[in-house]
Amino acid sequence: MSDDSKMARILARAAQMQQARDDEDRLVLLEDAAAEVGIDRAMVRRAALEHALDDGPPPRMLGVPTRVVRRRWIDADVAVAPTRARLLARLDTLFCAKGERVEDSGHATWTARHIVVTLQPEAGGTLVQISERFVNTASASMSVGATMGMAAGAMVSMMVLGLLGKGLLAGLLAGPIVLLALGLGVQVGRVQVKRKVEAAEASFERALESLDAGVLPPKA
């Protein structure tokens, strides 16, 4: 490795360390400000942790998110076997499904249908992440909507041709009618997917609130 490459790596690492220290200083100031108005410092740090793990905007299809991710830090130690078992059993109840489990002494993954829940130790507790992908659902719903729209548009076009005959006006109207029906069909599929995504978001929030509301005994 050349001296220039070594220097570049050293400077990059130094910049990362400086950024981390600056972020910590800002977090301490934020905790101080929150404490002055009666907000627990620990809650501020937990919120900062969850925010720091935000992956940014989810992938979208025609403006509809195709992945839902929700996270929350809970005061439970996933490394403790009885606590981990209770968390996983609770997920079975919350999602009305017997999830497949992969676990070791410090981590666990629960999967059922298209829902994936990961449990990992973080900051003295457990970071819970719940996610679900809607790529196939969105593609199928919009394709079905487009197909039904085209079929409906073709039928209406035939009716227009029947009423107006095969003149120039009827010919000019046929194409736009099919395109309009196609667009409406896609929009119907889009609305259906959007409703499913919103339902998943609400369900994940309720699940995280339930896990964080004291359904588990204090961590060991």
Side-chain angles (χ1 to χ4, degrees), residues 16-17 19-59 65-135 137 196-220:
Q16 290 176 352
M17 295 172 68
Q19 182 64 48
R21 189 176 70 180
D22 292 345
D23 290 344
E24 179 64 23
D25 290 342
R26 284 192 289 269
L27 181 56
V28 170
L29 292 175
L30 183 60
E31 289 175 351
D32 291 341
E36 290 181 1
V37 295
I39 300 176
D40 192 334
R41 291 174 179 271
M43 297 300 102
V44 175
R45 189 162 291 267
R46 284 172 55 178
L49 171 63
E50 293 172 7
H51 179 72
L53 292 169
D54 188 359
D55 293 330
T66 56
R67 184 169 184 250
V68 175
V69 180
R70 290 292 182 272
R71 301 183 182 90
R72 183 168 298 193
W73 185 94
I74 63 174
D75 189 17
D77 191 351
V78 72
V80 177
T83 299
R84 185 168 64 252
R86 287 176 63 87
L87 276 168
L88 294 170
R90 183 62 179 166
L91 290 170
D92 288 344
T93 301
L94 291 170
F95 291 108
C96 300
K98 181 64 176 178
E100 295 184 7
R101 305 175 182 185
V102 178
E103 54 183 306
D104 56 32
S105 59
H107 302 77
T109 301
W110 182 96
T111 307
R113 298 188 293 271
H114 299 291
I115 301 171
V116 179
V117 183
T118 58
L119 310 169
Q120 64 182 50
E122 190 73 50
T126 296
L127 183 66
V128 183
Q129 174 178 295
I130 308 177
S131 64
E132 183 174 3
R133 294 183 181 276
F134 290 87
V135 176
T137 300
K196 291 179 180 179
V197 168
E198 291 173 348
E201 291 173 342
S203 174
F204 293 174
E205 287 295 336
R206 288 194 299 269
L208 290 171
E209 289 171 2
S210 178
L211 293 175
D212 196 28
V215 296
L216 299 174
K219 60 182 180 178

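Residues passing the salt bridge (Lys or Arg N to Asp or Glu O under 4.0 Å) test with Glu205, sequence neighbours excluded: Arg70, Arg72. Applying the side-chain contact (heavy atoms from CB on, under 4.5 Å) criterion to Thr118, with sequence neighbours excluded, gives Thr109, Val116, Gln129. Looking at residues two or more places apart in sequence or on another chain, you find a side-chain contact (heavy atoms from CB on, under 4.5 Å) between Ala112 and Ala97, Trp110. The side-chain contact (heavy atoms from CB on, under 4.5 Å) test applied to Arg133 returns Arg67, not counting sequence neighbours. Residues forming a side-chain contact (heavy atoms from CB on, under 4.5 Å) with Ala79 (at least two apart in sequence, or on another chain): Asp77. By the side-chain hydrogen bond (donor to acceptor under 3.5 Å, both in side chains) test, Glu103 is found to be paired with Arg84, residues two or more places apart in sequence or in another chain being considered.
Exactly one residue among Leu211, Thr83, Leu87 makes a side-chain contact (heavy atoms from CB on, under 4.5 Å) with Leu119. That residue is Leu87.
Taking NZ of Lys98 as the reference point, atom CG of Leu91 lies at 11.0 Å (rounded to 0.5 Å).
Using modelled atom types, one side-chain atom of Thr126 and one backbone atom of Ala76 make a donor-acceptor pair closer than 3.5 Å.
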I would like to know whether Val197 and Thr137 meet side-chain contact (heavy atoms from CB on, under 4.5 Å); could you show each step before the answer? CA-CA 10 Å; Val197 168; Thr137 300; over 6 Å; no
Quick one: do Phe95 and Ser203 satisfy side-chain contact (heavy atoms from CB on, under 4.5 Å)? Show the steps, please. CA-CA 9 Å; Phe95 291 108; Ser203 174; 3.7 Å; yes
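When side chains are defined from C-beta on, Asp92 counts as touching Arg101, because their heavy atoms get closer than 4.5 Å.
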